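Structure first, commentary second.
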Amino acid sequence: MNRPEILIPAPMLPSVLDALGERFVVHRLWEQEDPDAFLATVAPRVRGLAASSLAGRIDASWYDRLPALEIVANFGVGYDGIDADAAATRGIVVTNTPGVLDEEVADLTIGLLLATLRGIPQADRHVRDGAWAEKSFPLSPEPARTADRDHGARRDRQGGGAAARGVRRADRLSRPVATGRCRL
């Protein structure tokens, strides 16, 4: 059985190229000395186009050059770089990969928020510049210390916090930590 031929206009991860190579005849356009001449020879057989943002805009000019094209598979969340309307008029299916980066983007967002609140980039620069030998980097400003503020406020609302016991916050924070065995 003949494997379908696909065109990849721009570099992709080696693992992706390997996986595609197991199921398709893969034409790597970016590796060609004369991409236009190469495309002219393989275009009549290319049924799929594997695109990414590195490929640039995929539009009617691509569809005109690939007469057997059936699908444009975008390796990305959206398809802003693909003229889906022009593809639809030619009966070409356009796909993307929604949801694959949601958790990574959320994690990075939380990380950037914490880095901003805690001044991590500034602290890193302070250490790398050697300024630590001359002066300490300041602790996080009061609003950024969410652990002290939020947990204490929650206990206070429930009636068991420092305010209910008449203990000032500074007294609570300056008490020595108890030591002993920990049972797991």
Side-chain angles (χ1 to χ4, degrees), residues 1-129 140-141 143-147 149-150 153-154:
M1 178 169 113
N2 291 339
R3 295 183 302 160
E5 295 185 36
I6 64 171
L7 178 70
I8 304 177
M12 290 189 174
L13 292 172
S15 59
V16 172
L17 294 172
D18 291 344
L20 290 172
E22 292 175 8
R23 300 196 57 182
F24 304 100
V25 174
V26 175
H27 300 290
R28 302 175 186 199
L29 189 61
W30 77 93
E31 292 179 346
Q32 305 308 315
E33 197 169 303
D34 185 351
D36 289 327
F38 176 78
L39 190 56
T41 63
V42 299
R45 301 185 311 273
V46 170
R47 295 175 49 199
L49 181 67
S52 69
S53 58
L54 295 176
R57 181 122 178 101
I58 305 296
D59 57 17
S61 65
W62 279 98
Y63 309 147
D64 291 342
R65 295 175 77 183
L66 301 168
L69 190 63
E70 299 172 27
I71 185 169
V72 176
N74 187 41
F75 283 68
V77 173
Y79 51 93
D80 295 344
I82 298 173
D83 188 342
D85 292 333
T89 61
R90 292 168 168 81
I92 299 169
V93 174
V94 173
T95 66
N96 65 345
T97 54
V100 297
L101 298 175
D102 292 353
E103 289 182 16
E104 287 74 12
V105 170
D107 289 350
L108 181 60
T109 301
I110 295 298
L112 290 171
L113 284 170
L114 286 172
T116 301
L117 281 172
R118 297 294 187 172
I120 292 173
Q122 294 85 354
D124 178 72
R125 180 56 43 211
H126 181 82
V127 171
R128 290 178 189 267
D129 289 346
S140 299
R145 295 190 359 225
T146 57
R149 185 187 71 229
D150 291 345
R154 189 177 317 124

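Hydrogens, waters and symmetry mates play no part in the numbers below; they use all other heavy atoms, side chains included. If you're wondering where the values come from, they're calculated on a predicted model, not measured in any experiment. Position 1 is the first residue of the sequence, and the numbers go up from there.
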State which residues pass side-chain hydrogen bond (donor to acceptor under 3.5 Å, both in side chains) with D102; sequence neighbours excluded, sorted by chain then number.
none
Who passes side-chain hydrogen bond (donor to acceptor under 3.5 Å, both in side chains) against S61, sequence neighbours left out?
D59
Locate the shortest heavy-atom distance separating [X] from [Y]; write the atom from each residue and the value.
| X | Y | answer |
| --- | --- | --- |
| M12 | A50 | CE-O, 3.5 Å |
| A87 | V94 | CB-CG2, 3.6 Å |
| H27 | E5 | NE2-OE1, 2.7 Å |
| P121 | A115 | CD-O, 3.5 Å |

Of L49, L29, L17, which is the lone residue that meets side-chain contact (heavy atoms from CB on, under 4.5 Å) with I8?
L17
Out of the candidates L66, V72, I58, only one should pair with I92 under the side-chain contact (heavy atoms from CB on, under 4.5 Å) rule; please name it.
V72
Would you say that L7 contacts L69 through its side chain, given a criterion of any heavy-atom pair below 4.5 Å between the two side chains?
no
Is there a side-chain contact between D83 and D85 in this structure, where contact means two heavy atoms from C-beta onward sitting under 4.5 Å apart?
yes
How long is the straight-line distance from [atom2] of [Y] back to [atom1] of [X], given to the nearest 0.5 Å?
| X | Y | atom1 | atom2 | result |
| --- | --- | --- | --- | --- |
| R28 | F38 | CZ | CZ | 11.0 Å |
| T116 | L113 | OG1 | CG | 6.5 Å |
| D129 | Q122 | CG | CD | 12.0 Å |
| N74 | Y79 | CG | OH | 10.5 Å |
| L108 | L101 | CG | CG | 11.0 Å |
| L54 | F75 | CG | CZ | 12.5 Å |

Do side-chain atoms of [X] reach the backbone of [Y] as a donor and acceptor pair under 3.5 angstrom?
| X | Y | value |
| --- | --- | --- |
| R90 | A86 | yes |
| R57 | D80 | yes |
| R45 | A68 | no |

In plain terms, say whether R65 and D36 are close enough for a salt bridge, that is, a side-chain N and a carboxylate O under 4.0 Å apart.
yes
E103 atom CD, neighbour heavy-atom count above 12 within 6.0 Å
no
